[in-house]
Amino acid sequence: MFLSCFLLSDSHKHKDKYKEHKHKDYKRDKEKSKHGNSDYKDPSDKKYKDKEKMKHKDGSTEKNKDKHKEKRKEDKVSQAGAIRHFCILGKMQLDIWFQQLCFLEKPGDEGVSECFSLLFIFTLLEWEEERYTDGVKWKFLEHKGPVFAPPYEPLPSRVKFYYDGKPMRLSPEAEEVATFFAKMLDHEYTTKDIFRKNFFKDWRKEMTAEEKATITDLKKCNFTEMSEYFKAQSEARKAMSKEEKQKIKEENERLLQKYGYCIMDNHKERIANFRIEPPGLFRGRGDHPKMGMLKRRIRPEDIIINCSKDSKCPEPPPGTKWKEVRHDNKVTWLVSWTENIQGSIKYIMLNPSSRIKGEKDWQKYETARRLKKCVDRIRAQYREDWKSKEMRVRQRAVALYFIDKLALRAGNEKEEGETADTVGCCSLRVEHINLYPENEGQEYVVEFDFLGKDSIRYYNKVPVEKRVFKNLQLFMENKEPDDDLFDRLNTSILNKHLQELMDGLTAKVFRTYNASITLQQQLKELTTADENIPAKILSYNRANRAVAILCNHQRAPPKTFEKSMQNLQAKIDAKKDQLSDAKRELKSAKADAKVRKDEKTKKAVENKRKAVQRIEEQLMKLEVQATDREENKQIALGTSKLNYLDPRISVAWCKKWGIPVEKIYNKTQREKFAWAIDMADEDYEF
DNA sequence: TGCGGTACTTAGAACGAGGTAT
DNA sequence: ATACCTCGTTCTAAGTACCGCA
């Protein structure tokens with residue numbers, strides 16, 4: 001365990017302190033286990049205890065000593081599992097040592113085992129030292145650079161653009177931008193005023209002087225022929241022969257093989273997004289002031305390459321140059337460029353299955369688990385702070401309560417007019433909440449109604465504690481609707497405070513923590529031993545859904561939802577008919593058997609019985625599917641599954657109930673969570 | 001203390017491959 | 001064979017967090 005906190009710490013400011021603890025802890029640990037009465041205390045707990053002035057006990061009593069000892073061993077091995085997963089450092093001996101360590105980790109082998117553990121630990125420390133001091137992310141990085149968007153192909157001359165009813169030939173530059181608009185013609189974006197205004201303004205910039213003089217009104221532009229042409233093209237693509245499709249597939253595969261991987265520290269790693277974003281019209285989410293603006297084509301001259309000095313640097317396309325080549329091993333990106341809409345930087349980075357992303361992910365959940373250990377104290381603290389004399393402390397405490405209870409996002413401030421008007425906790429405005437001293441039989445109800453990330457609406461009515469309610473009234477006094485609710489607070493202040501409560505604690509850790517703990521608790525509650533696998537998976541999905549609801553992960557109901565629901569219902573009805581038929585047949589077979597009493601009829605009865613059983617099972621499966629789908633209409637499960645739920649909880653659940661992990665995670669997800677699949681056994685506790 | 005800049009995670013929608021029903 | 005549907009994959013926008021500077 002203490003290994004992990006050392007390995008996981010990338011705050012090197014505290015390096016020496018960590019070292020000190022580490023040695024102390026190790027000694028203590030070792031001595032105790034030698035005498036066989038180790039009273040296990042998680043060193044990571046201890047480490048933060050000093051800092052936090054924690055007063056609570058860790059709950060270990062004489063009785064569960066042994067259990068703790070067991071737990072410690074398991075933890076050690078499972079942590080080692082993940083460490084091993086990430087340490088495939090060349091042909092390092094680590095793996096061998098690991099095997100030996102596991103093999104020896106049996107009663108009676110203590111001494112040898114400790115010896116190997118020690119060796120193991122020193123190697124890891126060395127590895128850590130070498131690799132991660134001062135935020136170094138890698139030592140060697142080689143890649144082939146990005147794949148650029150294909151150049152623009154002018155339209156065939158028969159496809160015409162009309163202005164004011166008259167055909168008009170456009171310059172290639174103006175034509176390209178026009179095709180972007182034409183391709184979106186069916187989308188409601190193109191009816192929005194802001195979109196049209198932004199598009200037209202940027203389009204005109206690409207026009208020649210004559211075009212500019214002629215084309216002065218977007219309403220007079222007719223893009224339908226272009227639009228039809230692209231629709232035909234996409235139809236043609238769909239109708240291509242198998243061979244042609246195969247050829248395209250092969251070409252894609254070739255590109256993937258060549259550009260889709262990099263070498264980072266002796267490992268070939270998959271790159272997430274090696275293709276540069278093609279030009280087009282910017283589509284923001286929600287009411288975005290910049291929707292419709294032209295997203296420029298990215299050229300090699302815009303590109304910054306990052307790789308190691310001793311690697312083979314990627315070549316720019318013939319006749320071009322990179323903007324810059326740098327060798328910064330304190331960052332993880334391979335390629336970057338500045339985007340022209342917001343002026344923000346875009347990156348090419350590694351796939352979630354890569355070591356660098358996986359370790360970070362693991363670390364994220366370990367931080368959330370540390371929060372679990374001190375969340376009671378933090379909750380007690382913010383409740384105390386509701387009474388503070390200082391306004392800023394009260395605001396901080398109420399905001400933190402919302403973040404904890406409702407899993408709200410932090411809410412950084414945003415530049416006005418640059419993005420859609422969305423908020424998170426710290427940026428809530430008075431207009432986003434309503435207070436009801438009494439509502440539907442409940443006291444002190446707060447009604448939230450605001451647009452959050454991606455302009456997804458957050459609507460919730462929650463009863464809160466009287467103190468919170470009174471505080472909110474106070475915060476809202478003498479304010480306009482568009483004033484900040486928490487005028488003495490921002491994310492930076494909040495996070496600074498959280499940092500003092502626990503090392504590595506930020507607002508978003510609460511989301512991770514609450515999501516994961518909810519999954520674990522829901523799984524415990526919903527899973528029953530005697531259910532079959534589909535029913536268990538329904539339970540899993542329900543637990544997942546509880547988290548998605550907590551985190552407000554919504555989706556637009558699929559366009560074909562009603563219809564596909566009807567189809568499913570039809571299937572269920574058909575299955576029901578089939579079942580009653582089968583039952584009838586069984587009955588008559590039974591009657592038959594009563595009379596004839598020969599082997600053949602007996603067998604027939606048995607067969608019919610089996611058929612009924614099979615159909616019943618199928619029916620049940622369909623019904624479960626229908627329930628699942630209905631409940632999922634507007635809820636997106638993917639985001640929480642991918643970003644908030646400690647995968648080890650799911651892996652442990654699968655192992656405990658004998659569910660193949662493939663039923664829960666698809667191939668990509670299994671790749672992303674390989675570390676967890678390696679690491680967690682059925683007893684894993686978040 | 002605020003601000004701009006940077007790096008990285010989280011997000012829903014669009015797209016498209018491939019399986020199933022007809 | 002074709003239409004349709006589902007699910008996985010890709011895309012890229014929109015967040016969080018933190019740093020260095022004035």
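Note that the structure is a prediction, hence the values are computed from the model and not measured. So you know, we letter chains A, B, ... as the sequences are listed, proteins then strands, and number each from 1.
For the OP1/OP2 pair of dC11(C) and a distance below 4.0 Å, the side-chain nitrogens and oxygens of Arg283(A) include no atom meeting the criterion. Residue Thr639(A) has a polar side-chain atom (N or O) positioned under 4.0 Å from OP1 or OP2 of dG12(B). Regarding contacts with the backbone of dC4(C), every side-chain N or O of Lys563(A) stays at 4.0 angstrom or more from both OP1 and OP2. OP1 or OP2 of dT10(C) has not a single side-chain nitrogen or oxygen of Asn273(A) nearer than 4.0 Å. At least one side-chain nitrogen or oxygen of His288(A) sits closer than 4.0 Å to the OP1 or OP2 atom of dA14(C).
Residue Tyr644(A) has its side chain nearest to dT10(B) when only dT12(C), dA17(C), dT10(B) are considered. Among the nucleotides dT10(B), dT9(B), dG12(B), the one closest to any side-chain atom of Lys453(A) is dT10(B).
Among the heavy atoms of the strands, none lies under 4.0 Å from Arg237(A). Within the 4.0 angstrom heavy-atom criterion, only backbone atoms of the sugar-phosphate kind lie near Thr422(A); the bases stay farther away. Within 4.0 Å (heavy atoms only), Pro352(A) reaches no atom of the nucleic acid at all.
More than 12 non-hydrogen atoms from other residues, nucleotides or ligands lie less than 6.0 angstrom from NZ of Lys414(A). With a 6.0 Å radius and a threshold of 12 heavy atoms from other residues, nucleotides or ligands, Glu416(A) has its CD atom at or below the threshold.
Counting to the nearest Å, the P atom of dA7(B) and the CG atom of Leu334(A) are 13 Å from each other. To the nearest angstrom, P of dC4(C) lies 11 Å from CG of Asn567(A). If you measure from atom CD1 of Ile276(A) to atom P of dA13(C), you get 13 Å, rounded to the nearest angstrom. For the pair Asn412(A) CG and dA14(C) C1', the interatomic distance rounds to 11 Å; values are reported in whole Å.
Ser227(A) places no side-chain N or O within 3.5 Å of a backbone atom of Lys183(A) that could act as its donor or acceptor partner.
Note that Lys144(A) lies outside the cation-pi zone of Tyr259(A), set by a 6.0 Å cut-off to the ring centre and a 45° limit from the axis.
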